[in-house]
Amino acid sequence: MSGRYNHKIAESKWQKRWQEANIFKVEKKDNKKKYYVLEMFPYPSGKIHMGHVRNYTLGDVVARYKKMKGYNVFHPMGWDAFGLPAENAAITEKKNPADWTYGNIKYMRNQLKSMGFSIDWDRELATCHPGYYKHEQLFFLKMYESGLAYKKMSEVNWDPVDKTVLANEQVIDGRGWRSGALVVKKNLSQWFLKTSSYSDELLTDLDSLDMWPNKVKIMQSNWIGKSEGAEIIFSLVNNNILEEKNLKVFTTRPDTIFGATFVAISPDHQLANKISKKDSAAKKFIDQIKTMDSEKTKVGYNTKIFIKHPFLDKKIPLFIANFVLMDYGLGAIFGCPAHDQRDLEFALKYDLDVIQVVKSTTSEEKFNKTKSKALLESGVMINSDFLNGLENEKAKKEVLKKLEKEGVGNKKTNYKLRDWGISRQRYWGCPIPILYREDGSVVPVQEKDLPVLLPVLNQNNPSPTTDEVNEWKNTTCPSTGMKAVRETDTFDTFFESSWYFLRYCNPRSEQPFIKKDVNYWLPVDQYIGGIEHAILHLLYSRFFTKALRDLGFVDISEPFKGLFTQGMVTHKTFKNLKGDWVEPSSVLENKEGHLDNSGKKVKVGKIEKMSKSKKNVVNPSSIIDVYGADTARWFMLSDSPPERDLEWTDVGVASAHKFINKIWDTCHKAKNYTNSKNLEKRNKFDNLIKSVSENIEKFHFNKSVANIYEYVNELNKAMNEKKASANNIKNIVRDLCIIIHPFTPHLSEEIWEALGCEDFCANAKWPQITKDNIVNTIELPIQINGKLKGLVSAKKEDKEEFVIKKAKDLPSVNKTLNDKEVIKIIYIPGKILNIVIK
RNA sequence: GGGAGUAUGGCGGAACUGGUAGACGCGCCGGAUUCAAAAUCCGGUCACUUCGGUGGUGUGGGUUCGAUUCCCUCUACUCCUACCA
């Protein structure tokens, strides 16, 4: 052990040894407590980015720490391998999506390995592999059988020039990203999963997820959007154009029923459709709305049809209105302008009556329609017949009673959560195992015929879909022999990511899962990923787990026990005077400002998330090459708390690198240290080890890092001052080696070996701290009137009189006290002594 | 419009359930080493100060022996969501 630490040699050496010794390979061990650490798996886009480095470093700290704490740690890795970029590559690089994807996986796997993550690579999976996706085809068939999967018409973005369906992210300002053509909405029959039938369970189970960030739970709860209210049946009067006699609406404010002055339906409501067939003006209006496209202004069409108020002998007009949404509630509402802002705006525009029915009890102010501000507060009912005088919450119940008694309404709970549309008109995805027979029937592919393999493309199609592969698409029905065509849509790629964490338990099994393994490993103890997946991925995974449970595949109800959402990796940006982004690495700073490499002035931009378009990405591989993986890891963990954004800076990386070398030098010095006297206990070091552990458990890695800095500084001090015996130092260094291991594993192994320790450091036991090693003498602050006057060495068990006496010995205390009258003394053992004087 | 969150030195950030504000790191300053530099090591670093102290955690107030921490007011910024009846 001498000379400079060479990360290039050390890192590849230990990666090789770990692999040869298979130390991260895990199996189920019933006598050992398991710990499942999972980071969100990457999309194989080509190469890893700093976001990945941060994500997997955080997870690796937890995984290595828990292993040293004696857990059977499960830490697998895989690839979210289906998706659009592979198809784009097929277009721009003329590559087969499969070849492109597998090539990227190979490259990125090596990059991840060069980071030294403690992953069980034997469990690696790629979702585009038939061995993976055949199981989700089975799930789909089971869901179809049980009514959980169904088909209905739904809108897609259609590019009329490229003649293709576009994903939302391919529509930019209403135009196709490639053709630039105006995108039109087109109705297609598509597959859906009934996520909505799990709305209530998905909502209530959020309460059990106490190791999830509150923020994420609130976001999911809002997304599910439970609201309680009533359905009310109105009867239609004087209508001679429709067969319908009734119209049902949903409301959360049944108490305001006497303030109803109009009823409105969505342009997509079936009644609107019927009206438009008889009323050409209505049809014109509806067509107009469809081209208006996300306008905020409220427009309506008066159908001249009237509605009877359920409790009054009163007729109110029926409108078709653009602000009524078809996919929430029933697509029909009653408008109470006095107590709903939207209704008020609409009423003022179309000169409809405004009747106040709730009087606020909190604000004195009377409702005033000319201010065009609806009264939303609770209060007491007025102008409301049998409800007058009631609190409006009470009135809700009374109205419901009466509605139910008269058979014109009922209590109803609504959810915003909609069913999950899983059809994608894409090639690079999992084929949906359905046949459409020539007699018109929909036939699920038989289980024995799974998987339905993706056809191989043999042409460089500008936008490939399975629809174009006729020899694949045209087939026969296996039971009748009739002609049939395959479903040519593929699954949304969220389908694959909704169950991969279960598949890791038995990644090569012919069965989708082996229950005893799943029951052992699941749920995931610690899931780590970006906040951008707070809603969709996490909600779909929770839904999928529940659905698989109900189909008998698994026994758990929630997949992720603990969740951590990490912040982004950011970097400064620059723009030249033309407004183009300039790479930070080519910018020089001098007295006159910032210049690019041709000497032209550049403007300093904001600090933003690393992205190719802003040219502010830093390539992990070049960092690993120059500084090493341990430096990259250490930098990722220093300073910034993991949940916040981390700004990438060159000086930050350099200083992380410096510390790696400092640890090495310190340990080197310690190895050659001699001193026979044992002058000091190792209290300080034990205290710091305790802090490092606690901070890892709490995901405060930046604080653990600070503790390690202190530990190394203390170690140097102890050696410089010859304050400890050689044996003492030896133990301190050995413990240092262990506590830095989760952060900088290669360096720690290298020191471990140099110290002559047995086995791998990765297999070592985390130091046990006994209580009596922890310092209980503190420097107790002494205050007078809340102002600090000095410190006194004291133990927690010291008596008040003793501490006061010691305090009075302090000159600063003595002087301030003088002979002033002491009013009160506050003594909190181990915390503070405060003397209150006049 | 609705919801969530943040605000502490030149910078990133510490401060456990109210108890020494600024741990640790960066930067900066000084010193050692060196022919010199880099690297490294040691020390200093909130502001003001008559060297006794005084002020200080976005603003203004409150509770308390004591407030970055709890309560109220205002301001700024960030994120999510959005005509959800």
Side-chain angles (χ1 to χ4, degrees), chain A residues 4 213-219 221-223 225-227 229-230 249-254 256 264 266 294-298 321-336 339-343 345-346 376 414-418 531-532 534-535 567-568 634-635 638-641 643-647 649 651-652 654-656 658-659 661-662 665 669 691 694-695 698 700 702-713 716-717 720 778-792 812 815-816 823-828 830-837:
Chain A
R4 268 180 85 81
N214 239 338
K215 182 169 53 165
V216 175
K217 288 197 277 187
I218 290 166
M219 281 162 81
S221 160
N222 290 340
W223 189 259
K226 181 178 182 172
S227 57
V249 307
F250 174 73
T251 181
T252 54
R253 292 297 303 273
T256 63
S266 162
S294 77
E295 280 280 351
K296 281 255 170 168
T297 51
K298 293 175 180 52
N322 68 336
F323 72 93
V324 182
L325 306 173
M326 192 56 224
D327 46 22
Y328 182 74
L330 296 162
I333 60 150
F334 77 74
C336 174
H339 305 290
D340 183 288
Q341 191 57 36
R342 296 157 301 183
D343 295 348
E345 280 168 34
F346 191 77
L376 306 175
N414 246 315
Y415 296 90
K416 273 199 276 184
L417 182 67
R418 284 181 276 161
I531 188 76
E532 65 274 21
I535 299 174
M568 299 181 295
W634 188 256
F635 173 72
S638 307
D639 290 354
S640 296
E643 68 277 10
R644 284 201 221 167
D645 289 353
L646 170 111
E647 191 198 342
T649 62
V651 280
S655 86
K658 241 163 62 174
F659 187 65
N661 288 319
K662 183 173 175 172
D665 293 341
K669 203 163 98 189
S691 300
E694 285 168 358
N695 285 323
K698 285 187 280 190
H700 296 166
N702 56 318
K703 294 190 219 165
S704 297
V705 163
N707 298 145
I708 292 171
Y709 271 106
E710 270 188 272
Y711 192 101
V712 172
N713 291 343
N716 273 307
K717 214 162 104 188
N720 289 345
I778 63 145
E779 294 297 298
L780 188 85
I782 309 299
Q783 294 182 339
I784 292 176
N785 287 351
K787 293 233 153 78
L788 184 73
K789 290 294 161 190
L791 299 171
V792 147
S812 57
K815 206 171 139 197
T816 317
I823 303 172
K824 200 174 177 184
I825 288 175
I826 291 116
Y827 175 59
I828 317 267
K831 293 265 184 197
I832 206 148
L833 177 76
N834 188 11
I835 302 167
V836 186
I837 58 172

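Within every chain, numbering begins at 1; the chains are lettered A, B, ... in the order of the sequence lines, protein sequences first and strands thereafter.
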Checklist entry - Between B:U20, B:A23, B:A85, which nucleotide gets closest to the side-chain atoms of A:Ala706? => result B:A23
Next on the checklist: If you assign A:Gly331 and A:Lys662 each to the RNA chain B nucleotide with the nearest heavy atom, which residue ends up on the more 5' nucleotide?
Outcome noted: A:Lys662
Item to check | Paired nucleotide for B:C74 [Watson-Crick or G-U wobble; both distances under 3.5 Å] | outcome: B:G58
Item to check | Nearest-angstrom distance, P atom, B:G13 to B:C79 | outcome: 16 Å
Checklist entry - Are A:Ile333 and A:Phe323 close enough that some pair of their side-chain heavy atoms sits under 4.5 Å apart? => result yes
Next on the checklist: Students often get this wrong, so: under 4.0 angstrom with heavy atoms, is A:Val324 touching a base, only sugar-phosphate, or nothing?
Outcome noted: base
Checklist entry - What does B:G25 pair with, Watson-Crick or G-U, if both distances are under 3.5 Å? => result B:C11
Item to check | Watson-Crick/G-U partner (both atom distances under 3.5 Å) of B:A36 | outcome: none
Next on the checklist: Over all strands shown, is A:Asn702 touching base, sugar-phosphate only, or nothing at heavy-atom distances under 4.0 angstrom?
Outcome noted: sugar-phosphate
Checklist entry - Below 4.0 angstrom from OP1 or OP2 of B:G12, is there any side-chain N or O of A:Ser638? => result no
Next on the checklist: Within the 4.0 Å heavy-atom criterion, would you say A:Gln783 contacts the bases, only the backbone, or no part of the nucleic acid?
Outcome noted: base
Item to check | Residues forming a side-chain contact (heavy atoms from CB on, under 4.5 Å) with A:Asn785, sequence neighbours excluded | outcome: A:Val836, A:Ile837
Checklist outcome for this item: Per the glycosidic torsion and the 90° limit around 0, nucleotide B:G52 is syn
Item to check | Selected nucleotide, minimal atom distance to A:Lys824 side chain, candidates B:C65, B:U40, B:A21 | outcome: B:C65
Checklist entry - Roughly, in whole Å, what's the span from CD1 in A:Ile531 to P in B:G5? => result 12 Å
Next on the checklist: Please classify the nucleic acid contact of A:Ser640 as base, sugar-phosphate, or nothing, using heavy-atom distances under 4.0 Å.
Outcome noted: sugar-phosphate
Checklist entry - Given the C1' atoms of B:U54 and B:U73, what is the spacing between them in whole Å? => result 28 Å
Next on the checklist: Is any side-chain heavy atom of A:Phe659 closer than 4.5 Å to one of A:Val705?
Outcome noted: no
Checklist entry - Counting any heavy atom closer than 4.0 Å, what does A:Thr649 reach on the DNA or RNA strands: base, sugar-phosphate only, or nothing? => result nothing
Next on the checklist: What is the separation between atom CZ on A:Phe659 and atom P on B:C24, rounded to the nearest whole Å?
Outcome noted: 12 Å
Item to check | Nucleotide of B:A85, B:U54, B:A14 approaching A:Lys703 most closely (side-chain heavy atoms) | outcome: B:A14
Checklist entry - Is A:Glu779 touching bases, backbone alone, or none of the nucleic acid, heavy atoms closer than 4.0 Å? => result base
Item to check | Residue A:Glu710, side-chain atoms from C-beta onward, closest of B:U20, B:A85, B:A23 | outcome: B:A23
Checklist entry - Side chain of A:Asp639: nearest nucleotide among B:C41, B:G25, B:A85? => result B:G25
Next on the checklist: Strictly by Watson-Crick or wobble contacts shorter than 3.5 Å, is anything paired with B:G66, and which nucleotide is it?
Outcome noted: none
Item to check | Nucleotide paired to B:C48 in any strand shown, Watson-Crick or G-U, under 3.5 Å | outcome: B:G53
Checklist entry - Which whole number of Å gives the distance between the C1' atom of B:U45 and that of B:C24? => result 15 Å
Item to check | Pairwise C1' distance for B:U81 and B:G18, with rounding to whole Å | outcome: 36 Å
Next on the checklist: Taking the minimum atom-to-atom distance to the side chain of A:Trp223, which one of B:A85, B:A82, B:G66 wins?
Outcome noted: B:A82
Checklist entry - What distance, rounded to whole Å, do you find between the two C1' atoms, one in B:C16 and one in B:U20? => result 15 Å
Item to check | NZ/NE/NH1/NH2 to OD/OE distance under 4.0 Å, A:Asp340 and A:Arg253 | outcome: no
Item to check | Interatomic distance, A:Lys789 NZ vs B:G52 P [rounded to whole Å] | outcome: 13 Å
Checklist entry - Which nucleotide in the list B:A85, B:C65, B:U20 gets nearest to the side chain of A:Ile832? => result B:U20
Next on the checklist: Rounded to whole Å, how long is the line connecting atom NZ of A:Lys215 with atom P of B:C79?
Outcome noted: 11 Å
Next on the checklist: Going by side-chain contact (heavy atoms from CB on, under 4.5 Å), name the residues that satisfy it together with A:Leu330, two or more places apart in sequence or in a different chain.
Outcome noted: A:Glu231, A:Lys248, A:Phe250
Checklist entry - Nearest to the side chain of A:Phe323, which nucleotide is it out of B:A85, B:G19, B:U20? => result B:A85
Checklist entry - Of the nucleotides B:G13, B:C26, B:C65, which has the atom closest to the A:Pro641 side chain? => result B:G13
Next on the checklist: Please classify the nucleic acid contact of A:Asn713 as base, sugar-phosphate, or nothing, using heavy-atom distances under 4.0 Å.
Outcome noted: sugar-phosphate
Item to check | Distance, P atom - from B:G43 to B:A23, rounded to whole angstrom | outcome: 15 Å
Next on the checklist: Could you tell me how far B:U50 sits from B:A36 if I compare only their P atoms? Round to whole Å.
Outcome noted: 39 Å
Item to check | Nearest-Å distance once atom C1' is located in both B:C72 and B:U59 | outcome: 13 Å
Next on the checklist: If you only use heavy atoms from C-beta on, which nucleotide in B:A14, B:A4, B:A85 is closest to the side chain of A:Ile218?
Outcome noted: B:A4
Item to check | Base B:C83 paired with A:Lys298 side chain (donor-acceptor, <3.5 Å) | outcome: yes
Checklist entry - Counting N and O atoms only, with roles assigned by atom type, does the side chain of A:Thr252 sit under 3.5 Å from a partner on the main chain of A:Gly229, one being a donor and the other an acceptor? => result no
Checklist entry - So do the side chains of A:Asn716 and A:Lys669 get within less than 4.5 Å of each other, counting heavy atoms only? => result yes
Item to check | side chain to side chain contact (heavy atoms under 4.5 Å, CB included) assessment of A:Asn322 paired with A:Phe346 | outcome: CA-CA 10 Å; A:Asn322 68 336; A:Phe346 191 77; 5.7 Å; no
Item to check | Interatomic distance, A:Tyr827 OH vs B:G19 C1' [rounded to whole Å] | outcome: 13 Å
